[in-house]
Every structure is written in C-alpha cells, then in structure tokens.
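One-based numbering, in listed order, for ligands and for the atoms of each. One is the number of the first residue; the rest follow in order along the sequence. Remember, predicted model here, so these are calculated numbers, not experimental data.
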Amino acid sequence: MAEQILKTQIEYLKGIGSQRAEILKKDLGIYTYEDLLQHYPFRYIDRTRFYKISELNPDLPSVQILGRVVSKEILGDKSTKRLIARFKDETGSMELVWFQSIRWIDKNIQAGSVFIVFGKPVIFNGHFSISHPELEPYQPNVVNKGNLSLQPVYSSTEKLKQFNLDSKGLQRAQATLIDMVIRSIEETIPNYILQKHNLISLQKALYHIHFPENVELLKAAEIRIKFEELFFIQLKLLRTKVIRTQKYKGAIFNKVGDNFNTFFAKKLPFSLTDAQKRVIKEIRKDTQGGIQMNRLLQGDVGSGKTVVALMIMLLAIDNGYQACIMAPTEILAQQHYLSIKDLLGDDFVSVELLTGSTLKKARLSLHERLENGKLDILVGTHALIEDSVKFKNLGLVVIDEQHRFGVEQRAKLWRKNVIPPHVLVMTATPIPRTLAMTLYGDLDVSIINELPEGRKPIKTVHLYHSQRLRMFGFMREEIAKGRQIYIVYPLIKESEKLDLLYLEAGIEAIIDEFPMPEYQVSIVHGKLGAKQKASEMQRFVRGETQIMVATTVIEVGVNVPNASVMIIENAERFGLSQLHQLRGRVGRGAEQSFCVLMSGNKLSTDARTRLETMVKTNDGFEIAEIDLQLRGPGNIEGTQQSGVLDLKLANLSFDQKLLIEARETVKQLLEDDPELKSETNLPLRQFFEQKTDGISWDKIS
Ligand code: ADP
Ligand code: MG
C-alpha cells in the first residue's frame, strides 16, 4: 500500500501539477513521490543562532536577527521603487529592503511588530542592510515546519526557481508530501537490527532528514538513511553470492600434479613472497571445495600477480582442465603471452595467443586444438569471448584489469563450460577497500601487499618545465649507466590535436638533445600502425634504444626491467591512478628507479595534491584512497556503468565505518538465515525484491 503511494507520479502532488512536474523530471530526475522524498537537503542553515545587529560584518553568510520594525517607507518610482524598513534590536539598527512584492510586504509588516529576519547582511551607504530577507513573525514557543532550528537547503535549478520551486518551494512540497505519506511508510529493516545498531525508524529518519528538530535527530536520521542505502547494496551483493554458491558447482582442483610441481621446483626463477604464497593458499582452498570461485586479486603494479595466476593455471591443468587469461589490450595480451612462455619454457604445457590480429589460418588451428583439448593455456584479448572460441574443458578464467570488462562479457566466459569455470580477476589499480566492497562485494578478495624482495622504492620528483635542463642532464647520467628511459605524454581525446602537437614538439626536443648515433629513440603513439608500434616497442625491449617517447599506450603491460626512469610530461593532466600505473612501469629491476613528474607552474589545488601524493608515497592503496577523496566514487574508473553506486546520502569515502557495519550485519544475517525465511526477516526479503525491481536473484552479477 505504502509502496503504491510512493510510486505516484509527482504531478499529482498538491501544488505541483503537470508543468512543474515536467521540469522536476527533466532537471532533477524526480518522477514520483518517492523520488521527491529522496531528494534530501544538501545542507542545513543553523537557525538556532541569533545575531545582534552590532555583531554584523559583511563577511557573514545569511544570518538571523530578532528585532522590531520601527518604521517603513516606500521610495522612488517605477524601476527604482523600493520599500525600506528600519529594523532595530537592543544593540543597533539596520535596513531591510524590498524591490519586489512591495504591496504585499507593505500590507504584512507593521511598524512595531517583532520579527525574525533572515538573510545576508551587506553594507550599503554606510549601513547594514538585507535585501529581500525572509521574515517570520516572532511567536515564542511555537515550532512548526517553517520555523526550524535547522533549515534544509535543497538543490534546485534556475528553471525550477521560475516556477516557485526554489529551495523554499521544494521544502513546501516536501512538507505536503511528508504530511500525506509519512504514516504509511513501512519499516524496511528488521527491528532487532535497528536496536542492535541504535538506528531510528525509517519514518522518523525521513521526517527529520527533511525537517530536523535538532542536530542530534538530524545526525540520527542521516545515519539511518545511509545505513539503509549501504545495507541493501550489501544484501544484494552477498545474497547473490549465496545463490551462486548454492546453484553452481565448481571444478575441483584437488590434485597438485606434475605441472605445478615441476614449475615450482625447476622453473620458478625466484622464491615467492609470503604474500604470493598466502594468496595461492587462499585460491587453492577456494578451488577444492566444489564451489565456483569468484575472486578478486588486488596487488600493486609489480607485486607479481602474473606468476600467481600462472601457478593456478598449472593447477587447473594438473586436474584435467584448460585455463585462459584475458587482457584488455593487444599489447598487454602479448606481454602476458611472452612472459608466460618465458617462465614455462618450451618443453612444457602448451600456450597460445589469440587476439584480433591473429590470422585466420592460425586461428582455425587454434580453435581445433582448444576443442579437442590439446591446448592447455590460451592467452588473449576480447577475442577469447567470441562464440567461435570453444574449449574442451575450461576450468579457470583469469581476467586482468577487470574493470574494463563489462558484466555481459564476464557472463559469456562463464558459459564456456558446463560447470562454470573458476574466475580470478586481477587488478593492478588498487581499489579502496570501501569501493571494492561495493563494486565487487560479491567477490572474495585476496591482496598481495608486498613487493618482491630487493626492489628499491621508486624515487619520485616533481619538476617544472623551467627545470628541463636539469632533467636532460639527469637523463644523460642514467643512460651513461646503461639504463633506459620512458617519456610519456598525455593523449586525451578532448584535446587530441593539441596533445599531438605537444608530443611532436617533445619528440623534436628529445632528438635534438639526444642525437644519433650516440642515442637511439623509440617513438610509440596511437597514430602508428600496429606493426610499427610493435617494432618500436621491440627495439626498446631488446635494449636497442635508450629512450622511448610514448603516449599512454604503454600504460598497461610493458615490462622492461632495465628501464629505470619514467618521465611524465604534463603530469598535472593525469589522474592519480594513471600516474601510479605509469610509474609502475619502472622499478622492476634491481637498480634504483626514478619517476619525474613534469608540470607547468600554474596548478589547480587538486593537481597539486595529486603530484604531492605521488612524491610522498609509493603505496597504491594509499594513492587509491586519496584518489577516491579527490574525485568521488562516481569518477573512479570502472564505476560509471555500475548502478550499485547510486547512493543518495552515503559517501564511500567518508562513511567507511558505516559501510563495514552494514556489510558485517548482512554477513551475519545471511549466515543465520541464508534464504531470509525467518519471520523477522521476511519483510526484508519482500522489500528487497521490490527494491531490485524484479532483477532475478540468481542473475550473474
Ligand atoms: P604485476 O602483474 O603484479 O604488476 P608481474 O606479475 O608482472 O607483476 O611481476 C613483475 C615482475 O616481478 C616480473 O618480472 C616477475 O617475474 C617478477 N616477480 C614476480 N614475483 C616475484 C618474486 N617473488 N620475486 C622476484 N621477482 C618476482
Ligand atoms: Mg600485470
């Protein structure tokens, strides 16, 4: 019943009508009563504080003053016509001015009456004055919705303001709506949870978020609504996981066989870090229980995720399955292919590469070997997803840089086997904990929080363009030591033409400064054909060139341990996670590595914070956290398509504690009652099903 009222179209609300409704829909996305109810104030004006006239200064925002109108007069005519009232308290006097609605004001304020005046004080002709103040007749002991200590401020638009739906107008609409629906709003969260977490009821919360009686109730209302938002996201994610584990069996990798053992004993050129060992254990546990694994592997660039993935692939093969690893770009797929081949050697399991540019003939033979089980590991790009790619017995899918793949694509891989393959998603862009819990909350998470031994932390400096000579000098020194250098230029779609000009000028300067034959320079950018690109890369990989000038095509992938300097031009234009990714291209060998951030002198506050953060820390998780604070969750790569971040009030950066509380609550809830069948939880299930609008519970997320 209540749900039905809330679904009512907004035009039916008293005082709205079809014209205003149109604008509400268009400007604010408010279609229904419920949408309006969830259009929460974005701040509140403290109406508990009264100012004395003697305390006024022109820097104050809107203030409220209690006083008496002592006289009024109408001055000027036509365009200059105005009503001026003299307003006094015990400390002084000031003016209130109206240029509009003069007749109405004249009728409604009488000399001698006491008012609460609210507005922004300015100095005019040596006096303080407020133009078009809000006025309230002073009535001691009366509290009503228009006379709140904390006055809500709603976001509105120019258009809406023309139709009397400014913040005040929206407040009036909220008042009408709340009066009408508040009593029929049903509780969504079981009582025992509310009690345990000290949460107020939904009714009370909705009332006080719009019309807070005091600061404490406002706080309680905010917490309750935020908790609700986070709680239902977690319920959806974790319930999906429960269903998945019940519905799908997983391939069982209980044998540690020849492939794994031989690799570990004979081929692995280094010893694993403790973190790598721990993660392999976590994954092994997942793959033995007969449940399909969905695990997110997070680890900073260079932390050694690929080896971990490879060892799990060998485990799959030991148990009679095939494995594949999918990368978002051709270059990265190639790199994976080469490094896997390199680690495995020739006389071992079979590995092939499949990308968009694989020739038809090779492709056909590859398809055949996949289908009859002769091929163990397939490395590739999106090309892997195509329906023509069929496996005999796919047991493990590794996805690198997952957030570039959509849900649909993930699902397609699932269907490549009768028993859905285990899925290991690797990401080199560490995701802040709260974001991971929300975006990938249905996945288990493993973290490699340790770099292989012997790596020296990369030293990062920030230089201005004017210090370019210093940079050239430094480059010469490093090249003399036998090192190789990347120079990266931004290439951003919106300013592509200009960027290409910068790139060309940059290349010219480098060639002037580092002439042949003493120096060799590789140049790689998006405008080159695939072949040429690859050959330029190869020259650098083989050490034939000392400098590689590139646009961000090298962002993911390339692994050249001898490259120890990363110079990023116009670094202020890159996002934090991108900068961190780029820096991760160096620091892979035993030598001390450097990252030089070049920028102009004029920097926005955010840009300065980004560069300072890079100089200060190498910790990808810390960087991700700051990135989240700077940009907000909606702008972090990969979150845009994700509906789960449709939060009205909660903020993933600032409400971490609450998120963890909500998640733990849901975990416990599902542990005790996975089907949500108990009497107390039944409403939760019903509400949840409504809320997810018919999304079937067992859809793969
Ligand atoms: P990621 O994919 O996490 O960025 P990679 O798997 O590409 O990192 O590993 C980076 C480099 O470190 C590779 O050259 C890899 O062979 C090497 N490496 C991985 N694990 C170790 C280890 N435990 N000790 C030494 N080197 C390692
Ligand atoms: Mg990698």
task = Apply the side-chain contact (heavy atoms from CB on, under 4.5 Å) test between Arg295 and each candidate in Leu443, Asp286, Val279; give the one that qualifies.
result = Asp286
request  = Report, in ascending order of atom number, the atoms of ligand 1 lying under 4.0 Å from any heavy atom of Asp300.
outcome  = 3 (O)
note = Applying ring pair (Phe, Tyr, Trp, His ring centres under 6.0 Å) to Tyr519 and not counting sequence neighbours gives Phe514
request  = Return yes or no for this condition: an N or O of Phe270 is under 3.5 Å from an N or O of ligand 1.
outcome  = no
inquiry  = With heavy-atom distances below 4.0 Å as the criterion, list the atoms of ligand 1 near Ser271.
reply    = 22 (C), 23 (N), 24 (N)
Winner among Val308, Val307, Leu343, Thr306 once heavy atoms are compared against atom 5 (P) of ligand 1 = Thr306
key: Met426 and ligand 1 - part of the residue with a heavy-atom distance under 4.0 Å   = neither
task = For residues Leu652 and Leu628, report the shortest heavy-atom separation together with the two atoms involved.
result = O-CD2, 4.2 Å
request  = Heavy-atom contacts with Thr273 under 4.0 Å: which atoms of ligand 1 show up? List them by number with element.
outcome  = 23 (N)
Any residue meeting ring pair (Phe, Tyr, Trp, His ring centres under 6.0 Å) with Tyr337, in chain and number order, not counting sequence neighbours = none
message = Using heavy atoms and a 4.0 Å limit, tell me yes or no: is Ser303 in contact with ligand 1?
response = yes
inquiry  = If I apply the N/O under 3.5 Å rule, does Gly302 come out as touching ligand 1?
reply    = yes
inquiry  = Is the contact between Lys277 and ligand 1 made by the side chain, the backbone, both, or neither, using heavy atoms and a 4.0 Å cut-off?
reply    = neither
ask   = Would you say the side chains of Arg278 and Asn449 form a donor-acceptor pair under 3.5 Å?
value = yes
ask   = Do you know which of Val461, Leu579, Leu463 makes side-chain contact (heavy atoms from CB on, under 4.5 Å) with Leu597?
value = Leu579
ask   = Hey, what's the ring geometry for Phe474 with Phe594, parallel, tilted or perpendicular (30° and 60° as the breaks)?
value = perpendicular
inquiry  = I'd like to know whether ligand 1 has His336 as a neighbour, heavy-atom separation below 4.0 Å.
reply    = no
Identified side-chain contact (heavy atoms from CB on, under 4.5 Å) counterpart of Leu503 within the set Ile487, Val488, Ile523, Val549 = Val549
request  = Indicate whether any N or O donor in one side chain lies under 3.5 Å from an N or O acceptor in the other, for Glu330 and Thr381.
outcome  = no
request  = Just jot down the ligand 1 atoms closer than 4.0 angstrom to any heavy atom of Leu272, in number order.
outcome  = 23 (N)
task = Consider every N or O of Glu453 and every N or O of ligand 1, then say whether any pair is closer than 3.5 Å.
result = no
query = Taking heavy atoms and a distance under 4.0 Å, where does Ile448 meet ligand 1: side chain, backbone, both or neither?
reply = neither
message = Any heavy atom of Ser339 closer to ligand 1 than 4.0 angstrom?
response = no
